[in-house]
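A short write-up of the structure that comes next.
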Amino acid sequence: MADLWNIGPIPFVGKSDPRQGLGFRYYQPDRVVAGKSMAEWLRFAVAYWHTFDQRLVDPFGDGTAQRPYDRFTDPVELALAKVDYTFELYTKLGVQFFCFHDRDIAPEGDTLRETNAILDKVVDRIAELQQATGVQLLWNTCNLFNNPRFVAGAATSPYADVFAYSGAQLKHSLEIAQRLGAQNYVFWGGREGYENVWNTDLKREQDHQARFFQMAVDYAHEIGLDAQFLIEPKPKEPTSHQYDFDAATTIAFLKTYGLDGDFKLNLEGNHANLAGHSYQHEIRVARAAGLLGSLDANQGDKLLGWDLDEFPSDLYETTSVMWEVLDEGSIGPHGGLNFDAKPRRTSFTAEDLFRSHIVGMDSYAAGLLVAAKLHEDRYFENLVAERYGSFDSGIGAAVEDGSASLADLETYALDLTQRQLVDATRSDHLESVKATINNYLVDALAEA
Ligand code: XLS
Ligand code: NI
Ligand code: NI
């Protein structure tokens with residue numbers, strides 16, 4: 001294996017040392033948990049934009065990142081050289097998948113024709129290395145938010161030329177998905193929203209967005225692309241309101257426009273928090289609609305209301321996510337855990353890119369182990385079944401099977417006393433439930 005990074009391969013070291021270094025404590029790709037290998041449950045992906053392009057800027061400071069390919073000054077030469085670094089990082093970490101936006105991997109030319117020509121050269125190199133290493137594309141997408149032309153949106157821009165350009169960009173991006181065997185294709189509408197309602201034709205913009213999605217579906221059929229389409233909800237930032245606000249809003253949009261048969265959801269931890277939800281909530285909402293597609297694994301910071309894209313390290317959260325995944329049977333037929341995450345600005349070395357992925361992977365592997373134990377004991381399954389047990393027979397069953405009317409409910413309830421109704425309820429002992437999760441966490445990881 002080449003050694004462009006001067007690091008790795010990253011070994012499994014187990015729990016010999018409590019300090020986290022360049023080794024996995026929990027993640028063992030072949031270890032079987034709940035009937036599948038860890039690699040099959042987790043399907044980790046590296047996000048090209050954060051890992052290889054991100055300079056670790058913040059709104060007040062320039063980039064601090066130090067990368068081994070910083071010596072390349074020509075943008076096309078850099079783009080081509082970088083691909084070698086990316087595949088070496090994937091293989092040294094033992095990550096099976098990667099994700100990218102079209103503009104992450106290659107610089108733009110003056111026209112789309114020129115841009116596509118540069119892009120295709122880099123795609124050729126990626127295809128070669130996919131072939132050589134077996135690393136797969138979890139998803140790609142197009143960047144319809146960075147360039148000034150997208151100032152007022154892409155598919156929801158009030159300017160028809162910008163819509164047309166966006167569609168043309170999407171077409172080529174779908175062809176790349178096809179060429180590289182993408183398992184999914186993601187739409188994140190960073191600027192598909194508004195800054196102000198007064199100057200916005202909300203209905204017309206959403207109609208345009210739906211047309212854009214339908215065109216993508218039609219073109220995928222035309223070229224035989226079988227990647228699963230995914231929409232990634234986010235409530236705001238960079239716009240003050242984004243149309244794909246959260247899972248529930250996005251599901252309503254898909255159903256309104258008859259697109260729910262062609263799209264599922266890609267859910268991100270930090271986006272869930274920005275919408276005022278937990279990550280588990282968003283996943284549960286998608287599951288309830290049968291629309292769980294894939295996961296962008298990152299976390300926010302409770303003290304900062306911004307999409308910080310931290311690497312996941314919160315075991316309580318990774319446990320809740322993996323519990324949902326275990327209960328579902330998989331992340332989604334084609335889904336994975338994409339680290340849409342970057343190291344902090346103060347973690348600027350190349351080695352920190354490895355360290356941060358190791359922490360993310362170990363945190364999800366640990367979460368899987370804890371969730372598997374909870375699942376094996378059917379702790380929540382039993383608790384929930386018992387909590388709703390009164391709907392299994394009698395008046396509850398009549399409500400569920402549709403045979404009971406309001407008149408039937410009146411006949412049943414008219415003479416129930418206050419005492420009888422209070423006695424029909426049970427304490428949830430919620431504090432004990434939360435402590436039980438803690439106990440599983442400590443015990444399962446002690447055993448691991
Ligand atoms: C931004 C999004 C973005 C998508 C891909 O907040 O998370 O990175 O995942 O466009
Ligand atoms: Ni994301
Ligand atoms: Ni994000």
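Note that ligands are numbered from 1 as they come in the structure, with each ligand's atoms numbered from 1 the same way.
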> Any luck finding a side-chain donor-acceptor pair between Glu192 and Thr156 under 3.5 Å?
Replying inline: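 A pair is found: one side chain offers a donor N or O, the other an acceptor, under 3.5 Å apart.
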> Judged by modelled atom types alone, do Glu310 and Asn270 share a side-chain donor-acceptor pair under 3.5 Å?
Replying inline: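 Checked: Glu310/Asn270 side chains show no N/O donor-acceptor pair below 3.5 Å.
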> Does any pair with a residue in residues 127-140 pass side chain to side chain donor-acceptor pair (under 3.5 Å), and if so which ones, sequence neighbours excluded?
Replying inline: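 Those involving residues 127-140 are Arg125-Glu128.
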> Can you name the one residue among Tyr90, Phe311, Phe98, Tyr27 that meets ring-ring contact (aromatic ring centres under 6.0 Å, His included) with Phe44?
Replying inline: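 Running ring-ring contact (aromatic ring centres under 6.0 Å, His included) over Tyr90, Phe311, Phe98, Tyr27 with Phe44 returns exactly one hit, Tyr27.
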Could you check whether [Y] and [X] have their ring centres less than 6.0 Å apart?
{"X": "Phe145", "Y": "Phe150", "value": "no"}
{"X": "Tyr85", "Y": "Phe52", "value": "no"}
{"X": "Phe213", "Y": "Tyr257", "value": "no"}

> Partners of Asn143 by side-chain hydrogen bond (donor to acceptor under 3.5 Å, both in side chains), sequence neighbours excluded?
Replying inline: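 side-chain hydrogen bond (donor to acceptor under 3.5 Å, both in side chains) list for Asn143, sorted by chain: empty.
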>> Is there a side-chain contact between Arg344 and Leu308 in this structure, where contact means two heavy atoms from C-beta onward sitting under 4.5 Å apart?
In response: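 In short, these two side chains touch, coming nearer than 4.5 Å.
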Which atom pairs, nitrogen or oxygen on both sides, join ligand 1 and the protein at under 3.5 angstrom?
{"from": "ligand 1", "atom 1": "6 (O)", "to": "Lys234", "atom 2": "NZ", "distance (Å)": "2.9"}
{"from": "ligand 1", "atom 1": "6 (O)", "to": "His271", "atom 2": "NE2", "distance (Å)": "3.0"}
{"from": "ligand 1", "atom 1": "6 (O)", "to": "Asp307", "atom 2": "OD2", "distance (Å)": "2.9"}
{"from": "ligand 1", "atom 1": "7 (O)", "to": "Glu232", "atom 2": "OE2", "distance (Å)": "2.7"}
{"from": "ligand 1", "atom 1": "7 (O)", "to": "Glu268", "atom 2": "OE1", "distance (Å)": "2.7"}
{"from": "ligand 1", "atom 1": "7 (O)", "to": "Glu268", "atom 2": "OE2", "distance (Å)": "3.4"}
{"from": "ligand 1", "atom 1": "7 (O)", "to": "His271", "atom 2": "NE2", "distance (Å)": "3.2"}
{"from": "ligand 1", "atom 1": "7 (O)", "to": "Asp340", "atom 2": "OD2", "distance (Å)": "2.7"}
{"from": "ligand 1", "atom 1": "8 (O)", "to": "Trp49", "atom 2": "NE1", "distance (Å)": "3.4"}
{"from": "ligand 1", "atom 1": "8 (O)", "to": "Asp340", "atom 2": "OD2", "distance (Å)": "3.0"}
{"from": "ligand 1", "atom 1": "9 (O)", "to": "Glu232", "atom 2": "OE1", "distance (Å)": "2.7"}
{"from": "ligand 1", "atom 1": "9 (O)", "to": "Glu232", "atom 2": "OE2", "distance (Å)": "2.8"}
{"from": "ligand 1", "atom 1": "9 (O)", "to": "Asp296", "atom 2": "OD2", "distance (Å)": "3.0"}
{"from": "ligand 1", "atom 1": "9 (O)", "to": "Asp340", "atom 2": "OD2", "distance (Å)": "2.9"}
{"from": "ligand 1", "atom 1": "10 (O)", "to": "His101", "atom 2": "NE2", "distance (Å)": "2.6"}

>> Restricting to under 2.8 Å, identify the protein N, O or S atoms around the Ni ion (ligand 3) as residue plus atom.
In response: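 Short answer, with waters excluded from the count: Glu268 OE2, His271 NE2, Asp307 OD2.
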